[in-house]
*Asks:* 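I have a structure here, written as C-alpha cells, and I will follow up with some questions on it.
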2 protein chains.
Amino acid sequence: MNTDGATSWQAVRDEVLRRIREREWKPGDRIPHEADLARELGCARATVNRALRAVAEDGLIERRRRAGSRVALHPVRKARLDIPVIRVEVESRGLPYHFSLTSKSDELPPPAIRARMKTAPDTPLMHVVGLHMAGGRPHALEDRWIDADAVPGVRDADFSTISPNEWLVLNVPFEGGDIAFSATTATREDAAALDCAPGAALFLTERTTWHGTRILTTVRLLFAPGYRLHTEI
Amino acid sequence: MNTDGATSWQAVRDEVLRRIREREWKPGDRIPHEADLARELGCARATVNRALRAVAEDGLIERRRRAGSRVALHPVRKARLDIPVIRVEVESRGLPYHFSLTSKSDELPPPAIRARMKTAPDTPLMHVVGLHMAGGRPHALEDRWIDADAVPGVRDADFSTISPNEWLVLNVPFEGGDIAFSATTATREDAAALDCAPGAALFLTERTTWHGTRILTTVRLLFAPGYRLHTEI
DNA sequence: TTTCGCAATAAGTGCAGACATATTTTCGAG
DNA sequence: CTCGAAAATATGTCTGCACTTATTGCGAAA
C-alpha cells in the first residue's frame with residue numbers, strides 16, 4: 001500500500017487480529033486505547049481508529065466511548081447478505097425471468113398481517129400475489145400487503161409488467177426493515193403454484209419494511225424446492 | 001453532532017441518499033466527484049469520502065478509482081447477519097443450554113464431503129455428530145467434518161463438554177467461509193434426533209470455513225421445526 | 001449512606017494537505 | 001490503424017491536529 005514508513009490501517013487491523021487470535025489479548029480484555037496503539041505501531045490515531053472500527057464491524061471487539069475497546073466475549077460472526085431483486089438474481093444465473101401476476105385487490109387484512117402492519121382494524125390494504133418464474137419454471141411465490149397510503153404512486157403501478165418486488169425497490173425509499181428466514185411445508189395451494197409436491201420443504205423469506213413510523217409493506221416469499229440462500233464471510 | 005458550521009459525514013450521506021431517492025441522480029448516473037461534492041457541501045473531501053464509502057457499503061452506489069462513483073443500477077440490499085455461537089443464541093432466549101455428543105470418530109468421508117473439503121481420496125477426517133438442546137428440547141443437530149491436521153489441538157478437544165461449534169469459534173482463527181441456507185425435509189433419523197415428525201420442514205445451515213488454502217471444517221446444522229433466522233436492514 | 005454533579009477519559013469526528021494507486025484516456029510510434 | 005506508453009484523474013489513504021461527545025468514576029453534598 002505504502003512504500004514509505006507509513007503503516008496502513010489494514011496492517012494495524014491485521015496486527016490487532018493477530019493479537020486476538022494468539023490470545024495476546026483475551027476475550028473480555030480491555031485493549032490499549034487508540035493513542036497508545038498509534039504510538040506503539042508508529043501511525044496516526046486516525047489510522048488506528050479506522051482499523052479498530054473495521055475490527056469492531058466484524059464483531060471481534062466491542063467499542064464504547066470512554067469505556068475503551070475490549071475483545072468480544074462471544075465473537076459473533078457477521079455475515080453480509082446480499083438481497084438482490086429477484087429478477088436480477090434469476091437472470092444472473094442465466095435463466096430467462098418472468099413475473100406473472102395472480103391477483104391484486106384491496107382487502108381487509110387478516111389479523112396477523114394487520115398486527116404486523118400496525119394498521120387500524122378497518123383499513124383495507126393492497127394485496128398482491130404473483131409468481132416469479134425462472135426459465136419457465138416457478139421460482140418463488142410472492143404474497144405481499146402494501147399500505148397504499150404510505151407508498152405514493154403504488155396505485156398506478158402495473159404489476160403485470162414489473163413485480164411488486166422490483167417496483168418497490170426501484171420506487172420506494174425506506175429506512176429499515178426486518179427479515180426472517182425459515183422453512184415451511186408446502187400447502188396444497190403452494191404446491192400447485194410452485195409445481196412441487198404438497199408437503200415439500202420450502203424456503204421462506206418474510207420481510208417487512210418501514211419508513212419513519214409507517215410500515216410500507218410486508219411480504220412472504222416462498223421459494224421452490226432446491227432454493228439456497230448463499231453468502232460468504 | 002457539531003455545533004459549528006462543520007458538516008458531518010452522516011449529513012453528507014443523508015444528502016446523497018436524498019438525491020438518489022428523489023431521482024436527482026438516477027440509477028447508472030455518474031455522481032459528482034468527491035472534491036466537487038466537498039466544495040458544494042462545504043466540508044473536507046475526507047468527510048465526503050467517509051459518507052460515500054458508507055453509501056457504497058449499503059450497495060446504493062458503486063465506486064471505482066478513476067472511474068468515479070455511480071448510482072447502482074440494481075440496488076442490492078445488504079443485510080447484516082449475526083451468527084452467534086449456538087449456546088449463546090439459546091441462552092439469550094432465556095433457555096438452559098446443553099450439548100450432547102452423539103458420536104466422534106475418524107472416518108473416510110463420503111465423496112460429497114471429500115469434494116467440499118478438497119482432501120485426498122484416502123484421507124480420513126474427524127467426524128463429529130451432536131445435538132444442541134434448548135430447555136430440554138432438541139434445538140439443532142450438528143453434523144461436522146474437521147480436517148484435524150489443519151486444526152491444531154482439535155484432537156484433544158473434549159466435545160462432550162463443549163460443542164465443536166463453540167470450540168472452533170473460540171480456538172480456531174479462520175479467514176473466510178461460506179454459508180448456505182435452505183430448507184429440507186426431516187429424514188427418519190433427523191426426526192428421531194430432533195423429536196419431530198418425519199417429513200417436517202427443517203431449516204438447514206451449511207457452512208464451510210477455511211484459512212489460507214486449507215479447508216478447516218464443514219458443518220451441517222439442522223434446526224428443529226419453528227426455527228427462524230432473523231435480521232434487520 | 002446515597003445521590004448528584006463534575007472532571008477525566010477514550011472514542012468519534014472534522015479539516016487541510018500530501019501522496020498512493022487504479023483506471024481511463026490520450027497520443028505518438030510503428 | 002493498432003498498440004503501447006505516458007498523462008490525467010478520481011478514489012484511497014495517511015498524518016497531525018483540534019474539537020465533540022458519551023460514559024465513568026469520584027468526591028462532595030444531602
Side-chain angles (χ1 to χ4, degrees), chain A residues 1-17 19-20 25-73 78 80, chain B residues 1-17 19-20 25-73 78 80:
Chain A
M1 288 283 150
N2 272 305
T3 50
D4 60 83
T7 308
S8 71
W9 68 265
Q10 289 96 334
V12 175
R13 178 199 56 195
D14 291 348
E15 173 62 14
V16 168
L17 290 177
R19 293 186 186 184
I20 293 175
W25 295 337
K26 302 187 184 57
D29 278 7
R30 262 290 276 284
I31 72 176
H33 64 255
E34 297 185 350
D36 276 356
L37 274 177
R39 209 171 319 115
E40 185 193 333
L41 302 175
C43 64
R45 188 170 75 89
T47 306
V48 174
N49 182 282
R50 179 84 159 83
L52 292 186
R53 195 151 36 80
V55 177
E57 267 171 21
D58 283 351
L60 269 74
I61 65 174
E62 284 161 7
R63 324 191 70 203
R64 270 165 51 219
R65 285 193 185 181
R66 154 73 206 198
S69 303
R70 46 184 64 244
V71 180
L73 231 29
K78 315 260 185 186
R80 300 187 72 89
Chain B
M1 289 282 149
N2 271 305
T3 51
D4 60 86
T7 309
S8 71
W9 67 266
Q10 290 96 334
V12 175
R13 178 199 56 195
D14 291 348
E15 173 61 15
V16 168
L17 290 177
R19 293 185 186 185
I20 294 175
W25 296 337
K26 302 189 185 55
D29 279 5
R30 264 285 279 286
I31 72 176
H33 65 254
E34 297 185 351
D36 276 356
L37 274 177
R39 209 172 318 113
E40 184 194 334
L41 301 175
C43 64
R45 188 170 74 88
T47 306
V48 174
N49 182 283
R50 179 86 157 80
L52 292 185
R53 194 149 39 77
V55 177
E57 268 171 20
D58 283 351
L60 269 73
I61 65 175
E62 284 161 7
R63 323 191 70 203
R64 269 166 52 221
R65 282 190 186 182
R66 155 73 209 201
S69 303
R70 45 185 64 245
V71 180
L73 233 28
K78 315 258 186 189
R80 301 188 57 96

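Letters go in sequence order (proteins before strands), and every chain restarts at 1.
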*Asks:* Could you pull out all residues at least two apart from A:Lys26 that satisfy salt bridge (charged side-chain N to carboxylate O under 4.0 Å, His left out)?
*Replies:*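 With neighbours one apart ignored, the set is empty.
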*Asks:* Determine whether B:Arg80 and A:Arg80 make a side-chain contact, defined as any pair of heavy atoms from C-beta on separated by less than 4.5 Å.
*Replies:*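 Contact flag for B:Arg80/A:Arg80 side chains = yes.
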*Asks:* May I ask you to evaluate whether A:Arg63 reaches the phosphate of C:dA10, defined as a side-chain N or O under 4.0 Å from OP1 or OP2?
*Replies:*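 For A:Arg63, the contact criterion (side-chain N or O under 4.0 Å from OP1 or OP2 of C:dA10) is not met.
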*Asks:* Could you check if a side-chain atom of A:Val16 sits within less than 4.5 angstrom of a side-chain atom of A:Leu52, using non-hydrogen atoms only?
*Replies:*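 Yes, at least one pair of side-chain atoms sits under 4.5 Å.
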*Asks:* Which residues pass the salt bridge (charged side-chain N to carboxylate O under 4.0 Å, His left out) test with B:Asp14, sequence neighbours left out?
*Replies:*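 For B:Asp14 there are no salt bridge (charged side-chain N to carboxylate O under 4.0 Å, His left out) partners, ignoring immediate neighbours.
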*Asks:* So do the side chains of A:Ile31 and A:Val71 get within less than 4.5 Å of each other, counting heavy atoms only?
*Replies:*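 Yes, side chains in contact.
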*Asks:* With sequence neighbours left out, write down each residue that passes side chain to side chain contact (heavy atoms under 4.5 Å, CB included) with B:Ala67, or none if nothing qualifies.
*Replies:*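 Here the qualifying residues are B:Arg64.
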*Asks:* Between C1' on C:dA11 and CZ on A:Arg70, what's the gap in Å once rounded to a whole number?
*Replies:*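 Rounding to the nearest Å, CZ of A:Arg70 and C1' of C:dA11 are 14 Å apart.
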*Asks:* Contacts to DNA chain C from residues 45-56 of chain A, heavy-atom cutoff under 4.0 Å, which residues?
*Replies:*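 Within residues 45-56 of chain A, the residues near DNA chain C are A:Arg45, A:Asn49.
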*Asks:* Rounded to whole Å, how long is the line connecting atom CZ of A:Arg39 with atom P of D:dG16?
*Replies:*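 The answer, rounded to whole Å, is 13 Å.
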*Asks:* Report, one pair per line, the protein and nucleotides 6-10 of chain D atoms (nitrogen or oxygen only) whose separation is under 3.5 Å.
*Replies:*
{"from": "D:dA8", "atom 1": "N3", "to": "B:Arg66", "atom 2": "NH1", "distance (Å)": "3.2"}
{"from": "D:dT9", "atom 1": "O4'", "to": "B:Arg66", "atom 2": "NH1", "distance (Å)": "2.8"}
{"from": "D:dA10", "atom 1": "O4'", "to": "B:Arg66", "atom 2": "O", "distance (Å)": "3.2"}
{"from": "D:dA10", "atom 1": "N3", "to": "B:Arg66", "atom 2": "N", "distance (Å)": "3.3"}

*Asks:* For C:dT13, take OP1 and OP2 only and decide whether either is under 4.0 Å from a side-chain N or O of B:Gln10.
*Replies:*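 B:Gln10 to C:dT13 OP1/OP2: side-chain N or O found under 4.0 Å.
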*Asks:* Which pair of non-hydrogen atoms, one from B:Thr7 and one from B:Thr47, has the smallest distance, and what is that distance?
*Replies:*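 What the structure gives for the nearest pair is O-CG2, 3.6 Å.
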*Asks:* Would you list the pairs meeting salt bridge (Lys or Arg N to Asp or Glu O under 4.0 Å) in which at least one residue belongs to residues 36-47 of chain A, sequence neighbours left out?
*Replies:*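 Found A:Arg19-A:Glu40, A:Glu34-A:Arg45, A:Asp36-A:Arg39.
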